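Step one of this worksheet: look at the structure below.
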Amino acid sequence: MAKVRVRFAPSPTGPLHIGGARSALFNWLFARHYGGELIVRIEDTDLERSAPEYEAMILDSLRWLGLDWDEGIDVGGANGPYRQRERLEIYRPFAAQLLSSNAAYHCFCSEEELEAERRALSAAGELPRYLGKCRSLTAAERERLCAAGRQPVVRFRVPEGRVLLVDDLVRGRVEFASDGIGDFIIVKSDGIPTYNFAVVLDDALMGITHILRGEEHLSNTPRQLLIYQALNFQVPEFAHISLILGEDRSKMSKRQGAVSVVQYREDGYLPEALVNFLALLGWSPPGEREILDRRELVSLFSLERVSKSPAVFNLEKLQWMNMNYLKNAPLSVIFELCLPHLVRAGLIEDRLSPGRRAWLEKVVDSVRAKLSYCAQATEVAAAFFGETAELADGDEEARLALAEKTAPAVISSLREKARQFAEWDEETVRQVLKEVGKELNVKGKALLMTVRVGVSGRSHGPDLTALLVLLGPQMAARRLDYALKNFLNREDD
RNA sequence: GGCCCCUUGGUCAAGCGGUCAAGACACCGCCCUUUCAAGGCGGUAACGCGGGUUCGAUUCCCGCAGGGGUCACCA
C-alpha cells in the first residue's frame, strides 16, 4: 500500500466538537498505525460563520488531546497553504476547466428565485430541487444577465442516468443514482468554492489516500465522486464512520450537555481518558481490555473493527473512565485541575499562602479517589470549607444517623475532647474516636456516621479521619456544637 | 417526502451458520472498610417483526417496522 495520507479538516465555526474530535482521533490512529501522515487543514469557505478564534481553539483542543500532525496548519508542508481561503487562486483554474469542458455552467438565479422555486415545488407535492433553468443559457443570454449586474454561481452539471458507486471501507458498496442529485453549486457568487468542490480539490491535490469522516458526509460523496471523475483525479478510499448520538438518539447537539472538548477540559477530564473513551465509540479493540493508552490504541486500531451503527454518547462511562485515569495521575495534576473550580465556587482565595496551599493539597488528596472529574471537587470537598455545615436536604441516611439515641452523646463527647486540642494528627483522631466509642459503647456506623453527619451535615463525604484532621480540632468542635444545637435541637447535653 | 445508512441487554459492544450469546458502564446484592467512596466477588438484563435459504440462523437474502443522516450560494 502506498503511504497512507489522511486528513482532518474542521471548519472554524465553533469549538472542537466531540464528533469532530472522534474523527480527528480515528484519522490520527489510522495514520499512526500504518506509519502514514496526518494533515490538518482548515475549511473556512463559510465567510459568515468562520472565525479565527475558533481555529485557534480547535487546534488547541487537538493538541490537548495529544494528537499531532505531520503537515498542515502551524507545521507547514509542501502542499500548502492549508486554509481554503488562502487557496482561492489554486481552485480557480479547476472551475474554469469544468466550465470550458461544459461539465459546469453559470447559473444566474438569485437566492430568492431559488427559494420561490423550492417553495412552489413542495407546495405542488414535489420534491424541492433545482430545475436547471440556467442549464442551457446561450452566450448572449449570459452576457445580458451579466450586464444586468447579476453575479452568477457555477453549477456542476450532473449527468443523467448514472450510478455512482461508493466503495466504502466500513459500509461496503453504496450506490446512488445520479438522477437523485440536482445540479449543485461548486462556486458561490462571491467566487468562493463550496465545500463539495474545495474538499475534492484539496484532497486530490494534497494526495490524500483515505478519507475517514462522519457518516453525515456519505450522501455528499456521490457529488464529490462526480467532481473527481470530471477532473480525472484518482478517487481516494472512503470510510464513513457512524455518528455519535446524544441521549435522545439524535446527532449530538448543544442542547444535550457538553459537546465541545474544551468543555470537558474545563470540567477536569484528562485528555487520556477522553481519547480512550472516544476511541471506543464506534470502534472496539480485540480482546477484553478497554483501558488502553494511546500507544496501545495505535497498535490495535483497524478499520475492520469500526462499527457501522451509531453510538450514543454515554457520559457515565466517560466519567468512570476518567476516574480510572485520575487514580493514576499525580496529585499535582489533579490539584491544578481542581483549583479553578474551588476558586470559582468561592471556597478558597485566589492567592494562596504556602500554608493554605499545603492544606489544600491534602484536602484534594483526600477526595481525589471520589472524583469522576475535577469540577466535582467543589461538591465532594465542600465539607472542608465553611465555619458551619448545614444539614443536607433529603439526606435520609444523615437523618437516620442523627436519630440514633446515642447521637447526642457521641457528638457532644467528641466536641469536648476536640476542644482540648490545638491541633491533631491522624493518629490522635483515631485515638479520640476510639475513646468516644469506648466510653459510650458505640461503634461502627452508629459512631462514625454520626460524627460524619455532625461535622459535615451529610452522610456522604471524604474519609472521616482525613476530614477531622484537616478541619482541625477547633473547627471540628465548633461544627459539632452547631450540629448539637441545630440538627438535634440541644442547647447542651 | 426522495435518497442513503443503521438495528444484540438502559448504554457502549464481542459475535463474522452450530456459543449455556463475551466483556465494559449503569443498576442490585454480598465481602472488605469501626464511616463514605474506591476495591473484590456475584446477580438482573439482549439478538425489532415477518418471510425465505439451510440439517441448522443473532449471523446470509427479501420485505416491514423503528431510529438516524442528507437533500443550502453550511461544512
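Model, not experiment: these values are computed from the prediction.
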**Prompt:** Does any non-hydrogen side-chain atom of A:Leu337 lie less than 4.5 Å from one of A:Leu270?
**Reply:** yes
**Fill in**
Taking a pair to mean Watson-Crick or G-U wobble geometry with both distances below 3.5 Å, B:rG23 pairs with B:rC12
**Message:** I'd like the P distance from B:rA26 over to B:rA38, given in whole Å.
**Reply:** 8 Å
**Message:** Starting the side chain at C-beta, find the nucleotide from B:rA24, B:rU11, B:rC36 nearest to A:Glu290.
**Reply:** B:rA24
**Fill in**
For B:rC73, the nucleotide meeting Watson-Crick or G-U wobble distances (both under 3.5 Å) is none
**Message:** Without decimals, in angstroms, what is the distance between A:Asn314 CG and B:rU11 C1'?
**Reply:** 5 Å
**Asked** Within the structure, does a side-chain N or O atom of A:Lys445 lie under 4.0 Å from either OP1 or OP2 of B:rC36?
**Response** yes
**Request:** Quick one: look up who B:rG66 pairs with, Watson-Crick or G-U, both distances under 3.5 Å, and put none if it's unpaired.
**Result:** B:rC6
**Complete:** Result for 5'-nearest mapping on RNA chain B, choosing between A:Ala177 and A:Asp46, is A:Ala177
**Message:** Roughly how many Å apart are B:rC49 and B:rU54, using the P atom of each and rounding to a whole number?
**Reply:** 23 Å
**Asked** Taking the side chain of A:Lys317 as heavy atoms from C-beta outward, which of B:rU34, B:rC36, B:rC12 is closest to it?
**Response** B:rC12
**Asked** What does B:rC28 pair with, Watson-Crick or G-U, if both distances are under 3.5 Å?
**Response** B:rG42
**Complete:** Paired to B:rU54 by Watson-Crick or G-U wobble criteria (both distances under 3.5 Å) is none
**Message:** Expressed as a whole number of angstroms, how long is the span from A:Leu169:CG to B:rC5:C1'?
**Reply:** 16 Å
**Message:** My understanding is that only residues two or more places apart in sequence, or in another chain, count here; which of them pass ring-ring contact (aromatic ring centres under 6.0 Å, His included) with A:Phe197?
**Reply:** none
**Request:** For B:rU70 versus B:rC27, give the span between their C1' atoms, rounded off to a whole number of Å.
**Result:** 38 Å
**Prompt:** For A:Lys327 and B:rG39, is the shortest distance between a side-chain N/O and OP1 or OP2 below 4.0 Å?
**Reply:** yes
**Prompt:** Which is true for A:Ser459 with a 4.0 Å heavy-atom rule: it touches a base, it touches only sugar-phosphate, or it touches nothing?
**Reply:** sugar-phosphate
**Message:** Taking any heavy-atom pair under 4.0 Å as a contact, classify A:Gly282: base, sugar-phosphate, or nothing.
**Reply:** sugar-phosphate
**Asked** In the structure shown, which nucleotide is the Watson-Crick or G-U wobble counterpart of B:rC47, with both distances under 3.5 Å?
**Response** none
**Request:** Can you tell me, in whole Å, how much space there is between the P of B:rU58 and that of B:rG48?
**Result:** 10 Å
**Asked** With ring centroids as reference points, do A:Phe26 and A:His210 lie under 6.0 angstrom apart?
**Response** no
**Prompt:** Nearest of B:rA72, B:rA75, B:rU35 to any side-chain atom of A:Asn196?
**Reply:** B:rA75
**Prompt:** Reckon A:Ser309 touches a base, only the sugar-phosphate, or nothing at all at heavy-atom distances under 4.0 Å?
**Reply:** sugar-phosphate
**Message:** Using the P atom as the point on both nucleotides, what is the distance between B:rC71 and B:rA14, in whole Å?
**Reply:** 29 Å
What N/O pairs connect the protein and nucleotides 68-71 of chain B at under 3.5 Å? Give each pair on its own line.
unit_1	atom_1	unit_2	atom_2	d
B:rG69	OP1	A:Lys251	N	3.3
B:rU70	OP1	A:Lys251	NZ	2.9
B:rU70	O4'	A:Ser219	OG	3.3
B:rU70	O2'	A:Ser219	OG	3.2

**Item:** Out of B:rA37, B:rC6, B:rC73, whichever nucleotide has its closest atom nearest the side chain of A:Arg118
**Value:** B:rC73
**Cationic N near anionic O, under 4.0 Å, A:Arg83 to A:Glu55** = yes
**Prompt:** Starting at the 5' end of RNA chain B and moving along, which residue's nearest nucleotide shows up first, A:Gly287 or A:Val170?
**Reply:** A:Val170
**Message:** Over 60° means perpendicular and under 30° means parallel, so tell me whether A:Tyr269 and A:Tyr264 are parallel, tilted or perpendicular.
**Reply:** perpendicular
**Request:** Please report, rounded to the nearest Å, how far the P atom of B:rU7 is from the NZ atom of A:Lys308.
**Result:** 7 Å
**Message:** Please give the distance between the P atoms of B:rC55 and B:rG2 as a whole number of Å.
**Reply:** 39 Å
**Request:** Starting from P on B:rC36, measure out to CG on A:Leu448 and report it in whole angstrom.
**Result:** 9 Å
**Request:** Report which part of the nucleic acid A:Glu175 touches: base, sugar-phosphate, or nothing (heavy-atom distance under 4.0 Å, all strands).
**Result:** sugar-phosphate
**Prompt:** Among the nucleotides B:rU34, B:rC5, B:rC12, which one has an atom lying closest to any side-chain atom of A:Val174?
**Reply:** B:rC5
**Salt-bridge present (A:Arg41, A:Glu43; N to O < 4.0 Å)** = yes
**Prompt:** Out of B:rC3, B:rU35, B:rA22, which nucleotide sits closest to the side chain of A:Leu464?
**Reply:** B:rU35
**Asked** With side chains defined as the heavy atoms from C-beta onward, is the minimum distance between A:Phe277 and A:Trp320 less than 4.5 Å?
**Response** no
**Prompt:** Within this structure, what is the CG-to-P distance between A:Leu281 and B:rC25, rounded to whole angstrom?
**Reply:** 16 Å
**Asked** Any donor-acceptor pair under 3.5 Å between the side chain of A:Arg49 and the base of B:rC74?
**Response** yes
**Asked** Hey, mind stepping through A:Tyr482 and A:Glu390 against side chain to side chain contact (heavy atoms under 4.5 Å, CB included) and telling me if it holds?
**Response** CA-CA 9 Å; A:Tyr482 183 85; A:Glu390 297 303 328; 2.5 Å; yes
**Span that lies between the P atom of B:rG67 and that of B:rG15, in whole angstrom** = 28 Å
**Message:** Whole angstroms only, please: what is the CZ-P distance between A:Arg289 and B:rC12?
**Reply:** 23 Å
**Message:** Taking A:Arg171 first and then A:Glu215, would you say they form a salt bridge - that is, a charged N and a carboxylate O separated by under 4.0 Å?
**Reply:** yes
**Request:** Name the nucleic acid region contacted by A:Arg213, choosing base, sugar-phosphate or nothing; use a 4.0 angstrom heavy-atom cut-off, strictly under.
**Result:** nothing
**Asked** Over how many whole Å does the gap from A:Arg7 atom CZ to B:rA75 atom C1' extend?
**Response** 11 Å
**Item:** Aromatic plane relationship, A:His106 with A:Phe108 - under 30° parallel, 30 to 60° tilted, over 60° perpendicular
**Value:** tilted
**Item:** B:rU33 pairs with, by Watson-Crick or G-U criteria that keep both distances under 3.5 Å
**Value:** none
**Request:** For B:rU35, take OP1 and OP2 only and decide whether either is under 4.0 Å from a side-chain N or O of A:Arg458.
**Result:** no
**Request:** Would you mind classifying the nucleic acid contact of A:Lys370 as base, sugar-phosphate or nothing, using non-hydrogen atoms under 4.0 angstrom?
**Result:** base
**Request:** Could you measure between the two C1' atoms, the one in B:rU59 and the one in B:rA22, and give it in whole Å?
**Result:** 16 Å
**Message:** Under 4.0 Å, counting only non-hydrogen atoms across every strand here, what does A:Thr45 touch: a base, just sugar-phosphate, or nothing?
**Reply:** sugar-phosphate
**Complete:** Winner on side-chain proximity to A:Thr194, out of B:rU7, B:rA37, B:rC73, is B:rC73
**Item:** Interatomic distance, A:Ile192 CD1 vs B:rC74 P [rounded to whole Å]
**Value:** 9 Å
**Prompt:** Are A:Arg118 and A:Glu115 close enough for a salt bridge, meaning some N to O gap below 4.0 Å?
**Reply:** yes
